[in-house]
*Asks:* 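For reference, the structure I am asking about is given below.
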Number of protein chains: 2
Amino acid sequence: MATTLDGVARHARVSTATVSRVLRGANGEIPISAATRQRVLAAVRELDYRPNLTARSLARGRTHTIGVVLPEGAMRLRRVYNATILAGISDVLTARGYALALYFSEFGRQPQAPGHISLLQDGRVDGGLIVDSFALDDEQIAALEREAGRFPCVLIGHRLPQSRLHWVAADDRAGAIAAVDHLYQLGHRRIAHLYNRRGRPGSERQADYQEALAARGLEARSDWLVASEMASGMAALVDRATREMGELWTHHEPPTALFAWNDYAALAAIQGLRQTGVVVPRDVSVVGYSDFDVAVLGQPPLTTVRTPLYEQGALAAEVLLDTLDSGNAQPVQRLLPTVLVVRESTGSAPQPG
Amino acid sequence: MATTLDGVARHARVSTATVSRVLRGANGEIPISAATRQRVLAAVRELDYRPNLTARSLARGRTHTIGVVLPEGAMRLRRVYNATILAGISDVLTARGYALALYFSEFGRQPQAPGHISLLQDGRVDGGLIVDSFALDDEQIAALEREAGRFPCVLIGHRLPQSRLHWVAADDRAGAIAAVDHLYQLGHRRIAHLYNRRGRPGSERQADYQEALAARGLEARSDWLVASEMASGMAALVDRATREMGELWTHHEPPTALFAWNDYAALAAIQGLRQTGVVVPRDVSVVGYSDFDVAVLGQPPLTTVRTPLYEQGALAAEVLLDTLDSGNAQPVQRLLPTVLVVRESTGSAPQPG
DNA sequence: GTGAAAGCGCTAACAA
DNA sequence: TTGTTAGCGCTTTCAC
């Protein structure tokens with residue numbers, strides 16, 4: 001149907017090999033006579049020839065395509081978190097001439113197929129970028145390490161220092177410390193935490209929060225630990241927050257500050273607090289996490305910790321492509337800095353009494 | 001390196017053809033003796049064989065991959081609009097066993113390559129889903145129509161009744177009418193509009209707004225038409241809205257209601273109005289568009305028009321795969337219903353005087 | 001039921 | 001500088 005190499009060769013009265021050479025050596029690398037080149041190029045134009053990339057991939061043994069594994073369930077794409085990482089990835093891939101194939105971790109759920117890995121080993125991609133690295137179990141990690149030479153991949157957002165795999169992540173520990181310190185300096189000593197019930201990112205954040213409290217010698221009371229999740233939608237998040245905040249603040253010794261695992265949770269909490277009659281930041285300070293677009297839309301605009309999501313995606317892609325180009329197997333493991341963004345949802349701790 | 005069909009064949013002492021048959025006819029379609037099947041399956045398991053999908057694509061002439069074209073610039077992925085459509089697409093593709101390749105409209109910007117089309121004609125995908133159909137010029141549309149038999153694609157979000165291409169879109173005209181009617185019934189007669197300066201979706205919405213006003217016999221004053229765009233980020237959006245709203249409401253004859261082209265613009269406007277001392281919905285009612293997650297986080301929660309974004313993506317994917325399976329070329333053009341969601345940002349028009 | 005062989009469209013030695 | 005020839009790994013007639 002479509003024009004093939006052979007068609008062009010025939011038309012230009014040369015061999016397919018020559019056409020192939022002309023097409024590759026646009027930069028004068030390969031020795032081709034000017035006349036032939038003209039003839040071939042003319043044929044290409046006339047026939048509107050486009051190389052079949054599938055065939056090329058097979059012949060070259062390189063697909064020039066990168067597989068990106070996102071968390072189970074496509075709706076997760078709606079989370080700014082994933083979308084922003086993906087944006088970083090795709091900008092780099094595009095700039096370096098790679099195509100992007102999207103996978104979801106549930107995809108390969110056949111009995112014998114260990115999820116992520118089978119996805120990435122169907123010969124359709126040269127390497128993998130795993131945004132959903134929290135979902136990897138030990139066996140899968142081991143498999144990825146084993147295959148690292150043949151099939152490089154980079155984990156995103158998940159600190160895995162004990163592994164030999166590439167990974168890039170945000171320095172969330174520093175982020176949590178910055179948030180807690182900020183509150184501390186405003187005089188807050190009783191700091192509650194909204195954690196993500198689902199998914200390890202939330203619980204890692206929780207560990208970071210506890211470490212940050214400990215660093216300041218503050219108490220981490222379990223009744224100041226409140227579950228929160230976005231899985232059932234924003235309206236549910238707000239409802240739940242309203243209930244939780246009501247409970248927390250009728251508690252005999254309520255906190256004076258709240259550190260949330262992400263901006264949405266923080267904004268929902270603020271909605272909830274308002275219902276309870278608590279005013280932010282007069283009565284309680286709230287710090288979010290991520291500095292999503294919505295932070296600035298909050299009432300009041302949200303103090304939060306900006307995390308390098310786009311940058312994580314971009315760097316991971318760079319690392320992967322570099323590995324692919326150089327064959328270098330030295331694991332690259334990078335922690336990217338976070339930054340505290342102070343807006344209006346935090347203020348001095350209310351005087352006790 | 002990796003096990004190939006040949007390896008399995010050798011191991012099972014059969015021909016590659018037989019292995020191929022066993023692998024395809026899992027459902028007992030193809031006549032294979034039970035013994036052979038067992039032997040082959042065992043070999044597959046032992047060698048941990050995974051078919052090379054690139055080779056399969058080449059041999060079969062079908063890649064089982066769909067290309068999705070998103071608006072130029074990967075950061076657009078962060079817009080819930082695009083992400084939600086993409087979620088709908090990928091759920092369907094996944095469910096039906098198709099892979100997804102992501103393209104951005106800027107990708108193929110070589111001199112001779114007409115953007116969208118060349119992207120989709122590199123033999124790597126079986127069909128195209130074009131989210132960024134507004135970017136298509138007439139020539140590209142003509143080309144897509146010409147190729148429709150060989151290379152089917154579906155446009156998303158863009159009404160194109162005069163074309164023979166498949167498309168699915170939201171019934172935004174009805175949405176605009178619903179929004180305006182809602183305001184009208186609350187007594188509003190002076191309704192301003194925040195439109196998207198960039199991109200045709202915004203200007204289509206603007207046309208819809210004007211039609212909706214006309215349907216009610218209301219005046220569409222040009223000084224009630226305010227530009228707004230998200231391109232430069234949320235903070236800029238809010239700043240700009242603050243300025244614009246200030247101006248609009250010191251105007252000698254300010255509107256009593258505002259219909260925004262999307263929820264973010266609406267929320268930013270509410271922020272701006274607050275700065276100006278205007279209270280929503282007491283002094284002015286605001287209607288957003290899309291019913292994004294943030295709508296419910298607004299202060300007050302936003303009245304808005306819910307649009308079927310996920311559904312558009314899902315339906316477009318269904319239509320495409322059906323076309324691919326059936327070879328049917330009847331153009332499918334579907335308008336999906338929108339629904340008004342009344343929350344707390346709208347109320348009765350203030351008494352004049 | 002099963003195998004031999006041609007071929008999908010392109011690339012890359014190796015010759016010439 | 002160019003052509004010939006073998007593949008890349010899988011599928012699919014066509015014989016047996």
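In what follows, every chain begins at residue 1, and chains take the letters A, B, ... in the order their sequences are listed. This is a predicted model, so every value here is computed, not measured.
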*Asks:* Could you tell me, to 10°, how much the axis swings from one end of the helix from dG1(C)-dC16(D) to dA16(C)-dT1(D) to the other, five pairs per end?
*Replies:* 40°

*Asks:* Any side-chain donor-acceptor pair under 3.5 Å between Asp126(B) and Thr63(B)?
*Replies:* yes

*Asks:* Does Leu58(B) or Ala35(A) map to a spot on DNA chain D nearer the 5' end, using the closest nucleotide for each?
*Replies:* Ala35(A)

*Asks:* At 4.0 Å (heavy atoms only), tell me whether Thr54(A) reaches a base, stays on the sugar-phosphate, or touches nothing.
*Replies:* nothing

*Asks:* Not counting sequence neighbours, which residues clear side-chain contact (heavy atoms from CB on, under 4.5 Å) with Ala17(B)? List them please.
*Replies:* Ser15(B), Arg21(B)

*Asks:* With sequence neighbours left out, what residues match Val44(B) under side-chain contact (heavy atoms from CB on, under 4.5 Å)?
*Replies:* Val8(B), Leu23(B), Val40(B), Tyr49(B)

*Asks:* Please table the atom pairs, donor to acceptor, closer than 3.5 Å between any side-chain atom in residues 308-316 of chain A and protein atoms at least two apart or in another chain.
*Replies:*
| unit_1 | atom_1 | unit_2 | atom_2 | d |
| --- | --- | --- | --- | --- |
| Tyr310(A) | OH | Asp91(A) | OD2 | 2.4 |
| Gln312(A) | OE1 | Gly157(A) | N | 3.4 |
| Gln312(A) | NE2 | Pro308(A) | O | 3.2 |

*Asks:* Checking Ala59(B) now: which residues fulfil side-chain contact (heavy atoms from CB on, under 4.5 Å) with it, not counting sequence neighbours?
*Replies:* none

*Asks:* Counting primed atoms plus P, OP1 and OP2 as sugar-phosphate and everything else as base, spell out the protein contacts along nucleotides 10-16 of chain C at 4.0 Å heavy-atom distance: B, S or - for each nucleotide, 5' to 3'.
*Replies:* BBBB---

*Asks:* Using a cut-off of 4.0 Å on non-hydrogen atoms, how would the nucleic acid contact of Thr36(A) be classed: base, sugar-phosphate, or nothing?
*Replies:* sugar-phosphate

*Asks:* Suppose we screen for salt bridge (Lys or Arg N to Asp or Glu O under 4.0 Å). Which residues come up paired with Arg39(A), at least two apart in sequence or across chains?
*Replies:* none

*Asks:* Nearest of dG3(D), dG3(C), dG9(D) to any side-chain atom of Thr18(A)?
*Replies:* dG3(D)

*Asks:* What pairs with Gln38(A) under side-chain contact (heavy atoms from CB on, under 4.5 Å), at least two apart in sequence or on another chain?
*Replies:* none

*Asks:* Would you mind reading off the distance between Arg10(A) atom CZ and dG3(D) atom P, rounded to a whole angstrom?
*Replies:* 13 Å

*Asks:* Between Arg13(A) (CZ) and dT2(D) (C1'), how many Å, whole number?
*Replies:* 16 Å

*Asks:* Take the protein atom CG of Leu47(B) and the nucleotide atom P of dG9(D), then report the distance between them rounded to whole Å.
*Replies:* 15 Å

*Asks:* Can you see whether His11(A) engages Glu46(A) through a side-chain donor-acceptor pair at a distance of less than 3.5 angstrom?
*Replies:* yes

*Asks:* Starting from P on dC8(D), measure out to CG on Asp126(A) and report it in whole angstrom.
*Replies:* 18 Å

*Asks:* Can you name the ring-ring contact (aromatic ring centres under 6.0 Å, His included) partners of His64(B), sequence neighbours left out?
*Replies:* Tyr98(B)

